[in-house]
Amino acid sequence: MTSPDTRTRILDAAVELIARDGYDGVRLAEIAKRAGASTALLHYHFANRPQLLAAAITHSLDRERARAERRAHDQERSSPAERVADQIDFWLPISPDDVREWLLWSELEGRAVRDADLAAALTGLYTRLREPLVAAIAMGVSTGEFGPCDPEEAAAVAHALLGGMTVRLLARDPGLTLPAARDLAGRQVALTVGYAGRLPFADREVPTHVPDPGLEPAPPRRRAARTPRPGT
C-alpha cells in the first residue's frame, strides 16, 4: 500500500529536479531518493517518464493556482477587471515559484511537438491554465464591464501574448523587463476584452528582471570508470 502523501512527495521532488536539471538531465533514482521513496514505488505511481513530467506540471500548476487564489481572497479582489489583471500576474514569471513552473512548461512544450501523448497532455493543461481567465472575461462581458467578445478567443490571445513574452523574459532578453511586459499585457488584454481604462493590477512588488528560481546547485556527477582495452 502507498499513500497520497508519497505521491505528493514524489511530485514535489520531480518539480524541483526537473526544473533544475531538465527533463533529460534528471534521473528517476534521484527523484525517488529526494522523495524518500524507492524507484519501484515511483514506477508504481507513474508508468513512464512522460507521465511523470505531465503530472509534475499539473501538480505545480495546482500549487501556484492555490497560492494565487489565497492572495486574491486576502486582498478582496473579485471584480472581473481585477481577476483578469491577477491572471496576467499569474502567468508572468514574477516570483521564484513562477520561474520554476515555467521551466517545467518549457520542458513539456519542447517535447510535445514530437510526442503524441505529451501533446495531448499539454493541450489539456493549456485548457486548465486558461479556465480562470475565460471565466473572468465571461463575467465581465455579462456584467457589461467588458465589451462584447468571445471569452475563449480573448483568453487564447492573452495566452499567446503572455507565452511569447515569458520566453523572452526567461531568456533574459535585454529589450524587455517584467514591469514593461506587465504593462504591455495589461494594455493589450484590456483592448481585447473591451475594457475602458487600465486594468487594476494588485499592489505588489514586481522585479525588473526574472528572479532566480532558488534551485540548489546540482551535485557533480561521477563518470563511470572506463574499462581498459586489452593491450593498454
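Two residues are said to be in side-chain contact when any heavy atoms from C-beta on lie closer than 4.5 Å; Leu178 and His209 fail this criterion. A 4.5 Å side-chain heavy-atom check between Pro148 and Val141 finds every atom pair outside the cut-off. Residues Tyr195 and Pro200 meet the side-chain proximity criterion, which asks for heavy atoms closer than 4.5 Å.
Distance alone, capped at 3.5 Å, places no donor-acceptor pair between the Trp91 side chain and the Ala158 backbone. Under the 3.5 Å distance criterion, the side-chain polar atoms of Glu82 are matched with a main-chain donor or acceptor of Ser79. In this structure, the side chain of Asp86 does not engage the main chain of Arg83 through any donor-acceptor pair within 3.5 Å.
The side-chain contact (heavy atoms from CB on, under 4.5 Å) search around Ile88 returns Leu92, Leu162, Ala185, Val189, Leu199, Phe201, not counting sequence neighbours. Taking the salt bridge (Lys or Arg N to Asp or Glu O under 4.0 Å) definition, one finds that Asp24 meets it with Arg111, sequence neighbours left out. Gln87 pairs by the side chain to side chain donor-acceptor pair (under 3.5 Å) definition with nothing, not counting sequence neighbours.
A parallel orientation is assigned to the rings of Tyr126 and Trp105, their planes being inclined by less than 30° (bins at 30° and 60°).
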- Tell me, with the steps shown, if Thr8 and Asp5 meet side chain to side chain donor-acceptor pair (under 3.5 Å). CA-CA 5 Å; Thr8 298; Asp5 288 343; 5.2 Å; no
- Message: Working note: Asp12 + Arg34, criterion salt bridge (Lys or Arg N to Asp or Glu O under 4.0 Å); need CA distance, chi angles, decisive distance, verdict.
- Response: CA-CA 9 Å; Asp12 284 339; Arg34 172 165 294 208; over 6 Å; no
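Residue pairs meeting the side chain to side chain donor-acceptor pair (under 3.5 Å) criterion with at least one partner in residues 173-185, sequence neighbours excluded, are Asp89-Arg182, Arg168-Asp173, Asp183-Arg187, Asp183-Arg198. Residue pairs satisfying the side chain to side chain donor-acceptor pair (under 3.5 Å) criterion with at least one member in residues 146-156, sequence neighbours excluded, are absent. The stretch residues 123-138 participates, sequence neighbours left out, in these salt bridge (charged side-chain N to carboxylate O under 4.0 Å, His left out) pairs: Asp62-Arg128.
Here the CG atom belonging to Asp117 is positioned 7.5 Å from the CG atom belonging to Asn48, to the nearest 0.5 angstrom.
Partner Leu11 forms a side-chain contact (heavy atoms from CB on, under 4.5 Å) with one of Ile57, Thr58, Thr6, Leu52 and no other, that one being Leu52.
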